[in-house]
Amino acid sequence: MSDASTAGTAGFTPTASVGAGFAPTASVGGDLALLKPRVMSLVVFTGLVGMAIAPGSLHPLLAAVAVLCIAAGAGASGAVNMWYDRDIDAIMERTRARPLPQGLIEPDDALAFGILLSAGAVGMMGLAVNWLAAGLLALTIAFYVFVYTIWLKRRTPQNIVIGGAAGAFPPVIGWAAVTGDLALTPLCLFAIVFIWTPPHFWALALTRSGDYAAAGVPMLPVTAGARETRRQIVIYSAVLAPLGLAPVLAGGLGWLYGAAAALLGVEFLRRAVAVWRRADDASARSLFGFSLVYLAALFFAMLADRALGL
């Protein structure tokens, strides 16, 4: 991606719908949208599962604080991301209704909100839970903001591949909140989410490549074409299918989870192959929708396995 595509962030002007002389004011709905609640819900869920399957226990109040801190950290990352990307968000159909392109929130307010929320989440996690979990939360926020949003997203088609690490940290943070240390099982969960992210997002990008091209974002379908993107989806899905069994091999989960992971992995791969063979938007949308079901079901299976002790 050329440097020209990054120009305009500093001199961003709200979309025409805001109108000249409009004084944007924040609203509860705008503040909530700034936190990317749909993304936050998945982050919170995987972090909660990391806590639930960790050995040991955490006082319910501290567990609630830990979950709140993970949610706040995810929301803060989303707010800073929206502040930085407000120029390209105004161009893309998928994102132009966000609060900053619509003029619902001032850019400086969004940035300040994200910074303060980040600091509060990390500080609270450290003081109330432990500093390893707080350090991992700080690393997650910094990685999403500086590595993915600012460095990678506008410069390389590997943005989602490398940047996906940010979304893979929450179960590790949840585990560390309970145990105060790291182990092989949470690292397996990290690897699963990390490898899941590219085929999940590329399936969506296949149907939105025009949006990304217009905004100058070098997503894989834009830079390498749809055929290569579909091939990469199959490759990553072929790695993901057996990787789902890694927590069983690590001794952290049992056969109930293993059976669910095997079935879900096979179905994920089947849909990825369909994307390659059919080469149409319908199959890509099908994979994208199932990828959300896959991750949710996989982590629900972890909870069930631990609850039933199987």
Contacts satisfying side-chain hydrogen bond (donor to acceptor under 3.5 Å, both in side chains) that involve residues 185-209 (not counting sequence neighbours) are His200-Ser291
Checking the side chain of Thr156 only, and the main-chain atoms of Leu152 only, is there a donor and an acceptor separated by less than 3.5 Å? no
- Would Phe143 and Trp175 show up in the same hydrophobic cluster when neighbours are defined by side-chain heavy atoms closer than 4.5 Å? no
Just by distance, do the side chain of Asp85 and the backbone of Ile88 share a donor-acceptor pair under 3.5 Å?
no
Is the backbone of Ala176 close enough, under 3.5 Å, to the side chain of Asn130 for a donor and an acceptor to pair up by distance? yes
Rounded to the nearest 0.5 Å, the CE atom of Met51 sits from the OG1 atom of Thr179 at a distance of 10.5 Å
Check the hydrophobic clustering (I, L, V, M, F, W, Y; side-chain heavy atoms under 4.5 Å; chains of links allowed) and say if Val266 and Tyr257 are grouped together. no
message: Starting from Ile160, can I reach Val222 by hopping between I/L/V/M/F/W/Y residues whose side chains sit under 4.5 Å apart?
response: yes
Glu228 side chain to Pro221 main-chain N or O, any donor-acceptor pair under 3.5 Å? no
Is it the case that over 12 heavy atoms from other parts of the model lie below 6.0 angstrom from the CE atom of Met124? no
Would you check if Asp305 and Val248 make a side-chain contact, meaning some heavy-atom pair closer than 4.5 Å?
no
Do Val293 and Phe201 share a hydrophobic cluster, counting only Ile, Leu, Val, Met, Phe, Trp and Tyr and linking them when any side-chain heavy atoms are less than 4.5 Å apart?
-> yes
| message | Does any part of the side chain of Pro247, heavy atoms only, come nearer than 4.5 Å to the side chain of Leu189, both counted from C-beta? | response | yes
What one should report as the nearest heavy-atom pair of Ile173 and Leu137 is CD1-CA, 3.7 Å
| said: When you group the ILVMFWY residues by side-chain heavy-atom contacts below 4.5 Å and let the links chain together, are Leu253 and Phe45 in the same group? | reply: yes
Heavy-atom closest pair (Gly252 atom, Arg306 atom, distance to 0.1 Å) is O-NH2, 2.6 Å
Which of Ile115, Leu111, Val145 passes side-chain contact (heavy atoms from CB on, under 4.5 Å) with Trp83? It is Leu111
Here the gap from Leu263 atom CG to Leu298 atom CG, rounded to the nearest 0.5 Å, amounts to 11.0 Å
Indicate the ring-plane relationship of Phe190 and Phe194, choosing parallel, tilted or perpendicular according to the 30° and 60° boundaries. parallel
task = Check whether more than 12 heavy atoms from other residues, nucleotides or ligands sit under 6.0 Å from atom CH2 of Trp276, and answer yes or no.
result = yes
Non-hydrogen side-chain atoms of Cys69 and Val129 separated by less than 4.5 Å
no
Q | Salt bridge flag under 4.0 Å for residues Asp89 and Arg98 | A | yes
Applied to residues 138-149, the side-chain hydrogen bond (donor to acceptor under 3.5 Å, both in side chains) test, sequence neighbours excluded, yields Lys36-Tyr144, Asn81-Thr149
Would you confirm whether Ser77, through its side chain, and Gly73, through its main-chain N or O, come within 3.5 Å as a donor-acceptor pair? yes
Between Ala177 and Ala66, the two heavy atoms sitting closest are CB-CB, 4.2 Å
Output yes when a side-chain donor or acceptor of Arg155 lies under 3.5 Å from a complementary backbone atom of Ile150, and no otherwise. yes
What I'd like to find out is whether the side chain of Phe268 reaches to under 4.5 Å of the side chain of Leu287, using heavy atoms alone.
yes
When rounded to the nearest 0.5 Å, the distance separating CE of Met125 from CG of Leu132 is 10.0 Å
- Task: Check whether any side-chain heavy atom of Val161 lies under 4.5 Å from a side-chain heavy atom of Gln232, and answer yes or no.
- Result: no
The reported gap from OG1 in Thr46 to CD1 in Ile192 (rounded to nearest 0.5 angstrom) is 11.5 Å
To the nearest 0.5 Å, atom CG of Leu48 lies from atom CD1 of Ile70 at 8.0 Å
Is there a side-chain contact between Val234 and Arg231, using heavy atoms and a 4.5 Å cut-off?
no
